[in-house]
Visitor: 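Have a look at the structure that comes next, please.
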Protein chains: 2
Amino acid sequence: MSSSDARLSHLMAVLQGRRFRLTPQRLAILRLVARSDGHPSIEEIYEHLREDFPTMSIATVYKTVTLLKELGEVLELSFPEEGVKRYDGAKPYPHPHLICVRCRKILDPDLGSLTPLVETAARRTGFRILSHRLDLYGLCPECQAREQGGEDAPPAHGTETDGNRLPIRLSGDCAPPHAPGDGAEPTPWRRP
Amino acid sequence: MSSSDARLSHLMAVLQGRRFRLTPQRLAILRLVARSDGHPSIEEIYEHLREDFPTMSIATVYKTVTLLKELGEVLELSFPEEGVKRYDGAKPYPHPHLICVRCRKILDPDLGSLTPLVETAARRTGFRILSHRLDLYGLCPECQAREQGGEDAPPAHGTETDGNRLPIRLSGDCAPPHAPGDGAEPTPWRRP
DNA sequence: TCCTTATAGAAAACTATTATCCTATGAAAT
DNA sequence: ATTTCATAGGATAATAGTTTTCTATAAGGA
Ligand SMILES: [Mn+2]
Ligand SMILES: [Mn+2]
Ligand SMILES: [Zn+2]
Ligand SMILES: [Zn+2]
């Protein structure tokens, strides 16, 4: 039994346990969300599902995913750079993400625990930390190779709105803006 | 000379150096952005400025802030939970943020460098990290006190859309959803 | 099988943001 | 001083993801 199969069973059990109806549309959405390859967006889920459900409304996808989010069974990740929200139904708890700014692939890197960082923040500020989000933006190995070689070759991953060429800057800690889109200049940052 | 004064001078110098006109409206926006108390939104900047410029259009605020962002002089932070983008013109480079989920105050905590974390990710995945974003969500000391005491007392900070009561859960690493809004149930997360 | 009611689907409504249009401004050039 | 003309401000329209509203339908229990 694969991990996503177990996850699917769990999601089904949660819905049925709460007396929510398990419609064919919902089941299909659960299947996609339980796998969550590449952290799908509403639009992507919708496009996949209309193959099997040509009459499905995108509102249904919104409503089902929102329901899962409210049940704590899906993690919502907003990506304002591309103007969509993406969802992780395989790991519904906060965890770091690694995003390639060129081909837009999204990974769940296995970093160390963020607990020490969180505890430092709590100690120094008096906050009680409840949640967090860490996103690392950069170039995946494939896109790095493509970068130095021919400047051509289209991106690997699926839907790309338009030209997402990046500004070619490297940095360790103080780096390009959060939305490394098509900014005009090299953005010469300075630390205080 | 305060830190924000120095920052204002810098912003003015940048605009003038690039041969952008330093209009009264822009100067007023620069002043607010250079201070960046609480990481203002476009709407908040607009509301402050229309006291001095009753005829100002919100489009002007959008255009000026966007210009500063493209010049790398302002950090844009999208907060989908409240449906707005906020701006930090005092520290235009990526840095962690601490957000109170109740009163919505936003702080720049002084944590250690994220460089080791970033390098770990780079080593393990082959990515070239260019940028990052770390947000910690929780309860500020004031709101913690208000929490255990009377369940009443309105939030301290400015605009709050509606009831942002939180689910009262504590956690260190695996915590409530990223948007700890008015979710229905306690969200019983499980790690794999 | 029947009944109750949550849900699907279609479309309108919403809203932060962006683009467009036009006029005003102001820094040169004459 | 006058003309020029690119830039900027103000008003408004357009965009797009998301939410809401309404009604017919079908899930699931009796
Ligand atoms: Mn993930
Ligand atoms: Mn900040
Ligand atoms: Zn890539
Ligand atoms: Zn607070």
Side-chain angles (χ1 to χ4, degrees), chain A residues 12-30 39-47 49-50 52-71 74 76-87 159 161-162 179 181-184, chain B residues 12 15-30 39-47 49-50 52-71 74 76-87 159 161-162 179 181-184:
Chain A
M12 292 172 63
V14 166
L15 284 196
Q16 292 180 317
R18 302 293 190 101
R19 297 295 136 80
F20 290 110
R21 290 179 186 171
L22 200 46
T23 65
Q25 293 90 333
R26 278 185 175 170
L27 188 55
I29 293 173
L30 291 199
H39 304 76
S41 66
I42 296 288
E43 187 70 34
E44 288 169 356
I45 297 173
Y46 174 61
E47 289 304 326
L49 263 52
R50 59 189 317 188
D52 294 297
F53 302 86
T55 77
M56 174 177 291
S57 166
I58 197 170
T60 299
V61 184
Y62 273 106
K63 283 184 277 200
T64 297
V65 173
T66 299
L67 173 62
L68 290 174
K69 179 182 62 173
E70 287 170 351
L71 294 174
V74 118
E76 183 178 70
L77 299 169
S78 183
F79 289 99
E81 313 93 81
E82 52 176 352
V84 295
K85 295 177 180 175
R86 299 188 163 274
Y87 297 88
T159 324
T161 0
D162 56 6
D182 29 26
Chain B
M12 292 172 62
L15 284 196
Q16 291 180 317
R18 301 294 190 104
R19 295 295 135 80
F20 290 110
R21 292 180 189 167
L22 200 45
T23 65
Q25 292 92 332
R26 279 184 174 169
L27 187 56
I29 294 174
L30 291 200
H39 304 76
S41 66
I42 296 288
E43 188 71 33
E44 289 170 355
I45 297 174
Y46 174 60
E47 289 303 328
L49 263 52
R50 60 189 316 187
D52 293 298
F53 302 86
T55 78
M56 174 178 289
S57 166
I58 197 170
T60 299
V61 184
Y62 272 107
K63 282 187 271 200
T64 298
V65 173
T66 298
L67 173 62
L68 290 173
K69 179 181 62 173
E70 287 170 351
L71 293 174
V74 117
E76 184 178 69
L77 299 169
S78 184
F79 288 99
E81 312 95 78
E82 51 177 353
V84 293
K85 295 178 179 174
R86 299 187 163 275
Y87 297 87
T159 324
T161 359
D162 55 7
D182 28 27

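These numbers were taken from a predicted model, which means no experiment stands behind them. Just so we're on the same page: letters track the sequence lines, and every chain starts at 1.
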Visitor: Can you tell me if Y62(B) touches the phosphate of dT17(C), counting only side-chain N or O atoms and a distance under 4.0 Å to OP1 or OP2?
Guide: yes
Visitor: Please find the pair of heavy atoms, one from I58(A) and one from I42(A), that lie closest to each other, and give the distance.
Guide: CG1-CG2, 4.0 Å
Visitor: Round to the nearest Å and state the distance from Q16(B) atom CD to dA27(C) atom C1'.
Guide: 13 Å
Visitor: Tell me, do L71(B) and R18(B) make a side-chain contact under 4.5 Å, heavy atoms counted?
Guide: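 Yes, close enough: below the 4.5 Å cut-off.
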Visitor: Starting from P on dA16(C), measure out to CD on E81(A) and report it in whole angstrom.
Guide: 20 Å
Visitor: What is the nucleic acid contact for K63(A), judged by heavy atoms within less than 4.0 Å: base, sugar-phosphate only, or nothing?
Guide: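 The answer is base, as K63(A) lies within the cut-off (heavy atoms under 4.0 Å) of a base atom.
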Visitor: For Y46(A) versus M56(A), what's the shortest heavy-atom pair and its separation?
Guide: CE1-O, 3.3 Å
Visitor: Quick one: I58(A) CD1 to dA13(C) P, roughly how many Å, whole number?
Guide: 19 Å
Visitor: Indicate whether OP1 or OP2 belonging to dG9(C) is found under 4.0 Å from a side-chain N or O atom of T55(A).
Guide: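 Answer is yes, contact under 4.0 Å.
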Visitor: Using a cut-off of strictly less than 4.0 Å, decide whether T23(A) has a side-chain nitrogen or oxygen near OP1 or OP2 of dA8(C).
Guide: yes
Visitor: How long is the line joining CZ of F79(B) and C1' of dA16(C), in whole Å?
Guide: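 From F79(B) CZ to dA16(C) C1': 16 Å.
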Visitor: Mind checking R26(B) for me? I need base, sugar-phosphate or nothing, with any heavy atom below 4.0 Å counting as a touch.
Guide: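 Sugar-phosphate contact only.
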Visitor: Between E47(A) and E44(A), is there a donor-acceptor pair closer than 3.5 Å when you use the side chain of the first and the backbone of the second?
Guide: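 No: the side chain of E47(A) does not pair with the backbone of E44(A).
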Visitor: Report the distance from atom CZ of F20(A) to atom P of dA27(D), rounded to the nearest whole Å.
Guide: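 Rounding to the nearest Å, CZ of F20(A) and P of dA27(D) are 17 Å apart.
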Visitor: Compare the minimum distances between each of dT17(C), dA11(D), dA6(C) and the side chain of R21(A), then state the nucleotide with the smallest one.
Guide: dA6(C)
Visitor: Given that T64(A) and A59(A) both sit by DNA chain C, which one's nearest nucleotide is further toward the 5' end?
Guide: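 Per heavy-atom nearest nucleotide, the more 5' residue is T64(A).
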Visitor: With respect to the side chain of T60(B), which nucleotide from dA27(D), dG10(D), dT17(C) is positioned closest?
Guide: dG10(D)
Visitor: Look at all strands and tell whether L22(A) reaches a base, only sugar-phosphate, or nothing, counting heavy atoms closer than 4.0 Å.
Guide: sugar-phosphate
Visitor: Within the structure, does a side-chain N or O atom of Q25(A) lie under 4.0 Å from either OP1 or OP2 of dA26(D)?
Guide: no
Visitor: Can you measure K85(B) atom NZ to dT17(C) atom P for me and round it to whole angstrom units?
Guide: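 These atoms are roughly 6 Å apart.
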Visitor: Measuring from the side chain of T66(A) (C-beta onward, heavy atoms only), which nucleotide among dA16(C), dT19(D), dG9(D) has the closest atom?
Guide: dT19(D)
Visitor: Please report the closest heavy-atom contact between P80(B) and K85(A), naming both atoms and the distance.
Guide: CB-CE, 4.3 Å
